[in-house]
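We name chains A, B, ... by the order of the sequence lines, and we start the count at 1 in each one. No experiment lies behind these values; they were computed from the predicted model shown.
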Amino acid sequence: MSDSELFLGGQDWDTVSSRTSADTLVINMGPQHPSTHGVLRMVLELDGETIVNAHSVIGYLHTGIEKTTEVRTWTQGVTLVTRMDYLSPLFNEAGYCLAVERLLGVEAPERAQAIRVLLMELNRIASHLVWIATTGMELGALSLMLYGFRERELILDIFEHITGLRMNHAFIRPGGISTDLPEGSVEKIREFLDYVPARFDEYETLLTENPTWIDRNKGIGVLPADVALGLGVTGPLLRAAGVAQDLRKTQPYCGYEQYDFDVPVATEADCLARYHVRMAEMRESVKIARQVLDTLPGGPVMVTDPKIAWPAQLKLGNDGLGNSLDYIRSIMGESMEALIHHFKLVTEGFSVPAGEVYVPVESPRGELGFHVVSSGDNKPWRVHTRDPSFINLQAMPYMVRGQLIADVIAAVASIDPVMGGVDR
Amino acid sequence: MDEKLAVFVAEARERFPLAVSEPVEEFGQTSVDVGRDGLSDVAGFLRDEVPFELLADWSCVDYFGIEPPERRFMCAAHLASVRFPERLRLRVWIPEGDERCPSLTALWPAANFMEREIFDFFGITFDGHPDLRRIFMPEDWQGHPQRKDYPLGGVNVQYKNGAFIPPPNLRVPPEATTGYPGRTA
């Protein structure tokens with residue numbers, strides 16, 4: 001593979017078409033093609049039905065989240081980063097908070113860590129369910145679209161019950177999580193975990209032996225391990241190429257080392273292998289979530305240091321979740337200092353020691369890294385996100401070259417890019 | 001620092017004594033400063049002879065107002081491996097007025113998008129990059145938005161072909177009419 005073949009970026013229309021030979025046809029796919037997962041635009045150079053070259057044009061969803069974090073406090077940063085990769089918001093929050101905690105030199109209490117793991121694994125299932133739903137839809141298995149979103153809805157209900165929001169939760173905070181599990185959560189999650197494996201069986205009954213599914217996926221979008229490593233590809237794509245790279249095993253965080261789970265690996269490195277890896281990962285996530293519920297430790301969910309811990313003391317009242325009346329009485333009626341402290345911490349936030357850290361977590365799409373730099377101020381100096389969708393998308397031209405135009409859909413679907421994460 | 005990582009860093013320092021600095025341990029993470037001219041050689045050595053086959057991240061920080069102008073930008077490459085759990089950060093300091101850095105695309109094709117992102121947001125030119133263009137901002141955008149001296153507001157909103165609308169505080173308000181839009185009399 002020559003350099004020029006590897007580096008096909010997003011030239012615009014006239015520059016692309018002037019470079020191609022008269023025998024090929026350049027067509028534009030997206031940014032609003034239904035199968036391109038949001039606003040991904042692809043420019044394909046075709047020789048008949050065969051892809052000669054392809055490249056992706058991105059940036060349509062760029063919202064400057066990294067820049068905005070620099071003018072907000074460290075706690076407000078959570079609200080911003082959760083909006084990056086909107087299918088796995090809890091991973092964004094957890095990665096960011098782990099980085100801030102590393103800078104602060106604090107560690108969230110055991111119970112908060114366990115709840116983070118629980119939420120992340122449920123989120124992984126939800127994200128993979130969207131993947132199977134959209135991939136099924138794009139490859140003609142429309143029932144999968146309905147089934148995947150149906151089961152994901154149950155997880156979103158659980159998230160709404162616990163965090164108050166279906167997406168963009170801002171629930172994980174530097175130092176712990178914003179509030180403890182509300183009553184009935186454990187039962188709700190157990191009910192879901194007992195229900196969902198049978199649904200996975202149902203998907204596999206529909207797909208695994210399905211000749212159309214196999215035809216559309218087998219041998220398509222092959223990305224061998226050496227190319228994947230060179231292109232920085234991680235997550236299910238790399239594991240489907242036979243490399244058992246999973247940060248939950250190699251660099252455990254949030255106490256993942258306590259839980260017993262396998263890292264599913266396949267060796268074929270094609271779209272079908274990625275399907276098998278993702279299905280197996282969902283079952284592993286169910287396994288981890290069950291173990292978390294069985295061993296859920298008690299205790300606080302936020303560090304005790306009053307200089308960091310969010311001062312609110314939430315309680316569920318008749319009119320919903322809010323500050324507990326005892327706490328309001330204390331700060332409004334009894335302690336002027338407590339009121340000043342509350343006000344300062346909420347408006348000004350806390351300061352973080354100067355320095356830089358890079359903290360990766362294993363998101364459903366691969367390594368999600370946060371390079372966080374502090375200048376010692378109450379606002380981050382720089383927050384850079386290494387989003388796996390952004391990096392993995394570079395593999396698209398390699399995966400589709402020489403294949404048919406219909407295979408582009410299967411290959412892009414198997415990368416599972418989320419444009420909110422790509423463009424940030 | 002992990003013992004094996006210490007050995008790798010010592011080897012790199014022995015091999016490139018002028019380019020690689022003393023390792024710095026901060027928050028449990030190891031970084032070395034690498035001279036701009038020696039970056040390609042050092043990175044090539046780390047990729048081929050010690051196990052860092054993965055370029056995990058390649059990002060940039062603008063230390064405007066914190067560091068002196070000759071150390072204004074810092075590009076950080078985070079190297080990782082699938083065979084070895086430790087990571088290493090290479091830091092390249094880039095002076096103001098000469099924003100150039102050797103490209104890592106020849107070693108890790110993954111650097112392609114990462115360097116385009118840094119170029120787009122910080123205006124650092126990567127020598128040897130095959131296709132260095134903006135990646136997120138429109139191709140005719142003026143300025144590099146993640147620089148610390150890029151204005152945070154009060155500037156024209158840019159559109160294609162040089163068109164713009166003034167910032168909100170300078171816009172001429174629609175003719176003060178009668179209370180709410182649509183009402184005529």
Side-chain angles (χ1 to χ4, degrees), chain A residues 1 3-4 6-12 56-62 64 66-67 70-71 99 102-103 105 225-227 229-234 238 243-245 247 250-251 353-360 367 369-371 373 375 381-382 384-386 390-391 393-395 398 422-424, chain B residues 24 26-29 31 47 53-66 74 76-78 80-87 89 91 105-114 116-118 120-121 128-139 141 145-148 150 152-153:
Chain A
M1 190 185 357
D3 278 356
S4 60
L6 250 183
F7 299 112
L8 286 160
Q11 293 92 339
D12 225 300
S56 46
V57 184
I58 59 177
Y60 294 99
L61 212 56
H62 176 62
E66 288 178 4
K67 179 81 173 171
E70 294 171 9
V71 292
R102 181 77 76 92
L103 283 168
D226 52 343
V227 184
L229 285 172
L231 287 165
V233 170
T234 47
L238 187 58
V243 183
Q245 163 80 345
L247 295 166
T250 55
Q251 293 172 281
E356 58 172 324
V357 289
Y358 176 81
V359 175
E367 174 175 329
F370 279 87
H371 182 209
V373 183
S375 60
W381 183 256
R382 168 104 165 101
H384 171 74
T385 316
R386 182 250 196 243
F390 176 59
I391 308 294
L393 199 57
Q394 298 191 78
Y398 182 89
V422 173
D423 292 342
R424 283 162 282 144
Chain B
V24 184
E26 241 188 359
F27 304 102
Q29 303 186 340
S31 21
R47 185 193 72 167
E53 67 276 326
L54 197 65
L55 176 67
D57 190 27
W58 186 209
S59 65
C60 183
V61 184
D62 180 2
Y63 281 106
F64 181 72
I66 292 187
M74 190 272 285
H78 294 91
S81 169
V82 295
R83 293 169 284 164
F84 175 67
E86 294 288 317
R87 285 164 182 248
R89 179 187 303 125
R91 300 198 293 197
T105 43
L107 293 163
W108 290 282
N112 179 13
F113 274 17
M114 303 178 189
R116 283 180 62 189
E117 184 185 342
I118 299 175
D120 194 353
F121 287 154
H129 191 291
D131 186 26
L132 196 65
R133 284 172 301 109
R134 286 187 184 272
I135 190 164
F136 291 128
M137 306 303 286
E139 58 266 37
W141 190 264
Q146 290 221 1
R147 287 192 175 192
K148 288 283 180 180
Y150 188 87
L152 273 175

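- The candidate with the highest count of non-hydrogen atom pairs below 4.5 Å against chain A, out of B/Lys148, B/Glu117, B/Glu53, is B/Lys148.
- With values rounded to the nearest 0.5 angstrom, A/Arg102 atom CZ is found 11.5 Å from B/Glu26 atom CD.
- In this structure, no portion of A/Ala225 lies under 4.5 Å from any heavy atom of chain B.
- For B/Phe121 and A/His384, the distance between ring centers is not under 6.0 angstrom.
- Closest approach of B/Gln29 to A/Glu356, counting heavy atoms only: OE1-O, 4.3 Å.
- Interface residue B/Leu152: only side-chain heavy atoms are found under 4.5 Å from chain A.
- With a 4.5 angstrom heavy-atom cutoff, B/Ile66 touches chain A only via side-chain atoms.
- For A/Leu229, the parts lying under 4.5 angstrom from a heavy atom of chain B are both the backbone and the side chain.
- The structure places CE of B/Met114 at 6.5 Å from CD of A/Gln394, a figure rounded to the nearest 0.5 Å.
- The part of B/Arg91 that comes within reach of chain A is its side chain, from C-beta onward, which places non-hydrogen atoms under 4.5 angstrom from that chain.
- At a 4.5 Å heavy-atom cutoff, the contact between B/Arg87 and chain A is made by side-chain atoms alone.
- With a 4.5 Å cut-off on non-hydrogen atoms, B/Pro145 touches chain A through its backbone but not through its side chain.
- In this structure, the portion of B/Asp62 lying under 4.5 Å from any heavy atom of chain A is its backbone and not its side chain.
- Across every non-hydrogen atom of B/Val61 and A/Trp381, the tightest pair is CG1-CD1, 3.7 Å.
- The two residues A/Arg386 and B/Leu55 have their closest heavy-atom pair at NH2-O, 4.5 Å.
- If you measure heavy-atom distances from A/Leu247 to chain B, the contacts under 4.5 Å come from the side chain alone.
- Side-chain atoms of A/Arg382 come within 3.5 Å of backbone atoms of B/Cys60 as a donor-acceptor pair (strictly under, hydrogens ignored).
- With values rounded to the nearest 0.5 angstrom, A/Gln245 atom CD is found 11.5 Å from B/Arg83 atom CZ.
- Distance CG/A/Leu231 to CG/B/Asn112: 9.0 Å, rounded to 0.5 Å.
- Contact of A/Glu66 with chain B is made through backbone and side chain together, with heavy-atom distances under 4.5 Å.
- Note that CG of A/Leu393 is 5.5 Å distant from CZ of B/Phe113, once rounded to the nearest 0.5 Å.
- Across all non-hydrogen atoms, the minimal contact from B/Ala110 to A/Gly232 is CB-N, 3.5 Å.
- Looking at A/Val357, the atoms closer than 4.5 Å to chain B (heavy atoms on both sides) sit in the backbone and in the side chain alike.
- Under the ring-ring contact (aromatic ring centres under 6.0 Å, His included) criterion, A/His371 pairs with B/His78, not counting sequence neighbours.
- For the atom pair CG (B/Leu54) and CG (A/Leu238), the distance works out to 7.5 Å, reported to the nearest 0.5 Å.
- Per-residue counts of heavy-atom pairs under 4.5 Å with chain B were compared for A/Leu61, A/Leu103, A/Val71; the largest is that of A/Leu103.
- For the pair B/Pro109 and A/Gly230, the tightest heavy-atom approach, listed with the atom from each and the gap, is CD-O, 3.2 Å.
- Of the atoms belonging to B/Ala56, heavy atoms from both backbone and side chain fall under 4.5 Å from chain A.
- Within the 4.5 Å cutoff, the side chain of A/Glu70 has heavy atoms near those of the B/Gln146 side chain.
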